[in-house]
Amino acid sequence: QVQLVQSGGGLVQAGGSLRLSCEASGRTFNNYAMGWFRQAPGKEREFVAAISWSGGSTKYADSVKGRFTISKDNAKNTAYLQMNSLKLEDTAEYYCAAKFAYIGDSRPVFQEGEYDYWGQGTQVTVSS
């Protein structure tokens with residue numbers, strides 16, 4: 001079992017930056033690929049960013065490419081989502097997720113159905 005505890009988020013003006021954190025406990029963090037998803041009011045949850053278990057591969061939604069950066073620090077059991085140049089449309093509840101990955105599986109995972117564990121969510125609100 002893996003527990004994911006999110007922190008960060010909040011209210012920021014358009015053009016600003018925020019960093020979300022997702023700390024894992026319970027199992028060896030090294031073995032997990034991580035992802036970030038978001039859900040805006042009235043919309044379905046959507047993929048934002050993903051990183052392979054080794055941290056060597058990443059994938060981003062087109063809407064955040066060039067503005068957001070996903071990373072993971074295995075020594076700290078923590079994944080991060082650095083969000084820069086925030087836009088109004090980035091306003092959403094953000095969720096981190098973890099998927100157990102075998103050593104030979106080096107892909108970042110963008111399909112939410114593949115994830116095993118989820119964080120509690122954290123709100124990001126971008127104001128004009």
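Keep in mind that what you see is a predicted model, and the values were worked out from it rather than measured.
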Find out if a path of hydrophobic residues (ILVMFWY) with successive side-chain heavy-atom gaps under 4.5 Å connects L81 to F110. no

Would you please name every residue forming a side chain to side chain donor-acceptor pair (under 3.5 Å) with E112, sequence neighbours left out? R45

Selection residues 52-62 - residue pairs positive for salt bridge (Lys or Arg N to Asp or Glu O under 4.0 Å), sequence neighbours left out: D62-K65

Mind jotting down which residue pairs meet the disulfide bond (SG atoms under 2.5 Å apart) criterion with at least one end in residues 41-88? Sequence neighbours excluded, please. none

Ring pair (Phe, Tyr, Trp, His ring centres under 6.0 Å) against F37, all qualifying residues, sequence neighbours excluded: F47, Y115, W118

Are any non-hydrogen side-chain atoms of F68 and N84 less than 4.5 angstrom apart? no

Does any part of the side chain of L18, heavy atoms only, come nearer than 4.5 Å to the side chain of L86, both counted from C-beta? yes

Which pairs pass salt bridge (Lys or Arg N to Asp or Glu O under 4.0 Å) with one or both residues in residues 70-84, sequence neighbours excluded? none

Working to the nearest 0.5 Å, report the span between CD of E46 and OH of Y95. 12.5 Å

What pairs meet the disulfide bond (SG atoms under 2.5 Å apart) rule with one or both residues in residues 84-126, with sequence neighbours excluded? C22-C96

Can V48 be reached from V124 by stepping across I, L, V, M, F, W or Y side chains whose heavy atoms are under 4.5 Å apart? yes

Who are the side chain to side chain donor-acceptor pair (under 3.5 Å) partners of R19, not counting sequence neighbours? none

Sequence-distant partners of F100, ring pair (Phe, Tyr, Trp, His ring centres under 6.0 Å), two or more places apart: Y32, Y102

Residue pairs, two or more places apart or on separate chains, that pass disulfide bond (SG atoms under 2.5 Å apart) and touch residues 32-67: none

Residues E89 and R38 bridged, charged N to O under 4.0 Å: no

S106: side chain to side chain donor-acceptor pair (under 3.5 Å) partners, not counting sequence neighbours: none

If you define the side chain from C-beta out and look only at heavy atoms, does anything of S17 sit under 4.5 Å from Q82? yes

Working to the nearest 0.5 angstrom, can you tell me the gap between L20 CG and S7 OG? 8.0 Å

When clusters are formed from ILVMFWY side-chain contacts under 4.5 Å, directly or step by step, what else is grouped with W53? I103

Across all chains, not counting sequence neighbours, the side chain to side chain donor-acceptor pair (under 3.5 Å) partners of Q120 are none

For S57 and P108 the tightest heavy-atom approach is CB-CD, 3.7 Å

